[in-house]
Amino acid sequence: MLQKLKSASLKKVLPGIIILFIAAAGLLIYFGPDFITWVKGPVAFEELSIDEIDSQYVNMTFELTFGTYATEVTTTTRNGAKVSERDSMQYHAVLVGGLDRYINTNEDLYWEFIGLAVPARYFDTTKIIDKNSDKFFETYDLRALDTTMQITGQILPMDDEMLRYYRSFFREADYSDEEFKEYCAPFYIKVDHLKRGHVDFVLCMNILAVILLLWAVYMLIKALTGGYQKKLIKMLKAQGEMELERADADFESASEPTKGIRIGRNYLFDCSGAKTDVFALRQLAWAYTHQVNHQKYGRTVSTSYSIMVYTEDKKSHQLNMPSKAASEQVIDELNRKCPAGIFGYSDQLKQLFNKNYDEFTRLRRQKEAEINQAQGYNDAFGGSEQSQDPYNV
């Protein structure tokens with residue numbers, strides 16, 4: 001029994017395990033390289049030449065800007081109408097390697113540039129740096145650059161639209177096409193970002209991938225080791241050392257009125273899901289078919305069926321059924337093998353079960369006695385007529 005239930009559980013959870021593995025693998029393949037880049041840490045931007053900057057993850061000291069060549073605007077709309085707009089990203093032209101490279105040398109170096117994308121939360125600081133930069137270009141006094149900002153981000157290639165604004169900015173500064181191509185790198189540093197997105201987002205996606213992977217491994221190990229049958233084994237062993245063996249024999253000889261539901265002489269086995277539940281038929285108090293109509297725009301588009309099973313301790317369990325016919329077959333089989341149970345639904349039975357359980361129990365005992373008496377009569381006189389259950393509503 002247990003080996004069959006393990007195999008059944010594995011079949012139930014295997015599609016989910018495969019989906020989790022695929023999702024985790026996809027996230028790791030897509031975001032994993034960025035995570036590795038983040039773990040390695042940024043390199044000093046000031047140590048890179050213009051030929052070394054492509055795709056580097058860098059930190060830099062931002063203290064001087066040659067101006068803003070583009071501004072990204074985020075627009076909020078409501079019912080198709082614009083209600084507000086705000087600047088969400090500024091694109092600055094900055095020196096490759098920082099200012100010190102050009103002023104602390106005896107060489108006559110040409111100034112080389114790269115873009116810098118700064119998000120809105122840093123605008124208060126960039127506004128000051130912008131003003132300080134204007135003062136610096138008026139006096140070339142380094143004391144004007146008294147505000148700095150330490151930034152980290154990955155160097156990314158400019159798309160065509162950004163490159164067009166970048167080129168227009170330098171054309172207005174009288175750069176020829178040859179000078180632009182020689183001294184203006186078509187890249188930009190995106191602050192707080194990696195290639196696939198914001199640093200926090202990349203880290204969250206990698207954490208999610210690990211969680212999905214561990215979840216899949218957990219489900220696989222649980223299915224292979226019989227973890228989904230743990231509750232069943234515990235319940236049976238609590239009733240005696242031999243009860244597990246008796247349940248095993250009962251499982252093998254049980255009928256299966258619908259797939260996943262096995263009914264033996266002593267137990268009802270619910271194997272419709274990965275987790276196996278078992279109920280002693282002698283403890284089954286009430287069961288009935290529950291129908292749910294799913295509606296859309298006031299019309300029923302589908303109907304689902306289940307069986308509500310209540311035990312003597314008034315605990316409930318729902319058996320999902322593929323169809324109304326399957327539900328009726330299970331109810332008929334339970335009625336045949338569980339004479340002490342009441343089957344079918346009525347408001348009167350519900351009221352008795354909830355508010356007068358002693359009377360409900362009396363009805364069960366009365367029904368059981370009548371069925372046993374009828375069976376005894378048939379056995380004594382060789383009758384074959386099936387007794388009718390007056391409580392099968």
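By convention here, the first residue in the shown sequence is residue 1.
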Test item: K367 and R364 side chains (from C-beta on) under 4.5 Å apart, heavy atoms = no
Let me see the working for L48 and V96 under side chain to side chain contact (heavy atoms under 4.5 Å, CB included), right down to the final yes or no.
-> CA-CA 8 Å; L48 301 176; V96 173; 5.8 Å; no
Evaluate the side-chain proximity of L268 to L319: yes if any heavy-atom separation is below 4.5 Å, no if none is.
-> yes
Can you tell me which residue pairs pass the side chain to side chain donor-acceptor pair (under 3.5 Å) test with a partner in residues 227-236, sequence neighbours excluded?
-> S9-Q229, Q229-T276
Under a 4.5 Å side-chain heavy-atom rule over Ile, Leu, Val, Met, Phe, Trp and Tyr, are V13 and I211 clustered together?
-> no
Heavy atoms, side chains only, cut-off 4.5 Å: are T148 and F62 in contact?
-> no
Answer yes or no: is there a donor N or O on one side and an acceptor on the other, between the side chain of D141 and the main chain of A144, under 3.5 Å?
-> no
Other residues, nucleotides, ligands: >12 heavy atoms within 6.0 Å of R164 CZ | yes
Looking only at heavy atoms, which two atoms of E52 and Q56 are closest? And how far apart?
-> O-CG, 3.2 Å
Please say whether more than 12 non-hydrogen atoms of neighbouring residues, nucleotides or ligands are located less than 6.0 Å from CD in E47.
-> no
Taking side chain as C-beta onward, heavy atoms only, is Q150 less than 4.5 Å from T61?
-> yes
Take atom CZ in R143; do more than 12 heavy atoms of anything else shown fall under 6.0 Å from it?
-> no
D250 side, atom CG; E243 side, atom CD - distance, nearest 0.5 Å = 9.0 Å
Nearest non-hydrogen partners of P33 and L28, listed with the distance = CD-O, 3.8 Å
Report, as yes or no, whether the 6.0 Å neighbourhood of atom NZ on K135 holds more than 12 heavy atoms from other residues, nucleotides or ligands.
-> no
Run the ring-centre check on F170 versus Y166 and record whether the distance is less than 6.0 Å.
-> yes
So CG of D130 and OG1 of T125: to nearest 0.5 Å the spacing works out to 12.0 Å
Which donor-acceptor pairs under 3.5 Å do side chains of residues 63-73 form with protein atoms, sequence neighbours excluded?
residue: T65; atom: OG1; partner: G67; partner atom: N; Å: 3.0
residue: T65; atom: OG1; partner: G67; partner atom: O; Å: 3.4
residue: T65; atom: OG1; partner: H92; partner atom: ND1; Å: 2.9
residue: E72; atom: OE1; partner: Y91; partner atom: OH; Å: 3.0

State the CZ-CD1 distance between F343 and I331, to the nearest 0.5 angstrom.
-> 6.5 Å
Does Y218 OH have over 12 foreign heavy atoms under 6.0 Å away?
-> no
Determine whether the side chains of E328 and Y305 contain a donor N or O and an acceptor N or O closer than 3.5 Å.
-> no
Can we say E312 and R365 salt-bridge, meaning some charged N sits less than 4.0 Å from an Asp/Glu carboxylate O?
-> yes
Is the closest side-chain heavy-atom distance between N266 and L281 below 4.5 Å?
-> no
State plainly whether one hydrophobic cluster holds both F201 and V118, where clusters connect Ile, Leu, Val, Met, Phe, Trp and Tyr through side-chain heavy atoms under 4.5 angstrom apart.
-> no
Start with the C-alpha gap between F251 and C271, add the side-chain angles, then the distance that decides, and say whether side chain to side chain contact (heavy atoms under 4.5 Å, CB included) holds.
-> CA-CA 11 Å; F251 179 86; C271 315; 4.1 Å; yes
Single-linkage hydrophobic cluster V191~V199, side-chain heavy atoms < 4.5 angstrom | no
What are the two closest heavy atoms between G344 and L349, and how far apart are they?
-> O-CD1, 3.7 Å
Within-4.5 Å side-chain heavy-atom neighbours: V309 and D270 = no
Cut-off 3.5 Å, side chains only: do T126 and Q90 have a donor facing an acceptor?
-> yes
Side chains of I36 and K40: closer than 4.5 Å at any heavy-atom pair?
-> yes
Search all heavy atoms of G197 against all heavy atoms of V202 and return the closest pair with its distance.
-> O-CG2, 3.7 Å
For K195 and T37, does a side-chain donor sit closer than 3.5 Å to a side-chain acceptor?
-> no
Answer yes if F137 and Y102 sit in the same cluster of Ile, Leu, Val, Met, Phe, Trp and Tyr residues linked by side chain heavy atoms under 4.5 Å apart, and no otherwise.
-> yes
Working to the nearest 0.5 Å, report the span between OG1 of T152 and OH of Y57.
-> 5.5 Å
First locate atom CG of L334, then atom CD1 of I342, and finally report the distance between them rounded to the nearest 0.5 Å.
-> 13.5 Å
Are any of the side-chain heavy atoms of I114 and V94 separated by less than 4.5 Å?
-> yes
Applying ring pair (Phe, Tyr, Trp, His ring centres under 6.0 Å), which residue pairs with at least one partner in residues 280-302 are found, sequence neighbours left out?
-> W286-Y288, W286-Y310, W286-F353, W286-F360, Y288-Y345
Taking every heavy atom of Q329 against every heavy atom of P257, the minimum-distance pair comes out as OE1-O, 2.8 Å
May I have the step-by-step check of side chain to side chain contact (heavy atoms under 4.5 Å, CB included) for H198 and D192, ending in yes or no?
-> CA-CA 6 Å; H198 193 279; D192 295 338; 3.7 Å; yes
Does L20 share a hydrophobic cluster with V210, counting links as ILVMFWY side-chain heavy atoms below 4.5 Å and allowing steps through other members?
-> no
Out of curiosity, I261 CD1 to S327 OG, how far, rounded to the nearest 0.5 Å?
-> 10.5 Å
Should the heavy atoms of other residues, nucleotides or ligands under 6.0 Å from NZ of K337 be counted, would the total exceed 12?
-> yes
Closest non-hydrogen atom pair between A120 and R86, with its separation = CB-NH1, 4.4 Å
Would you say the side-chain atoms of N320 and S306 include a donor-acceptor pair closer than 3.5 Å?
-> no
Backbone of G260 reached by a side-chain donor or acceptor of E256 within 3.5 Å | yes
Donor on one side chain, acceptor on other, D313 and T311, under 3.5 Å | yes
Note: E178-K181 ion pair, threshold 4.0 Å (strictly below) = no
Axial cation check for F180 ring with R171, 6.0 Å and 45° limits = no
Might you work through the side chain to side chain contact (heavy atoms under 4.5 Å, CB included) test for L95 and R101, ending with a clear yes or no?
-> CA-CA 9 Å; L95 288 170; R101 170 177 295 181; over 6 Å; no
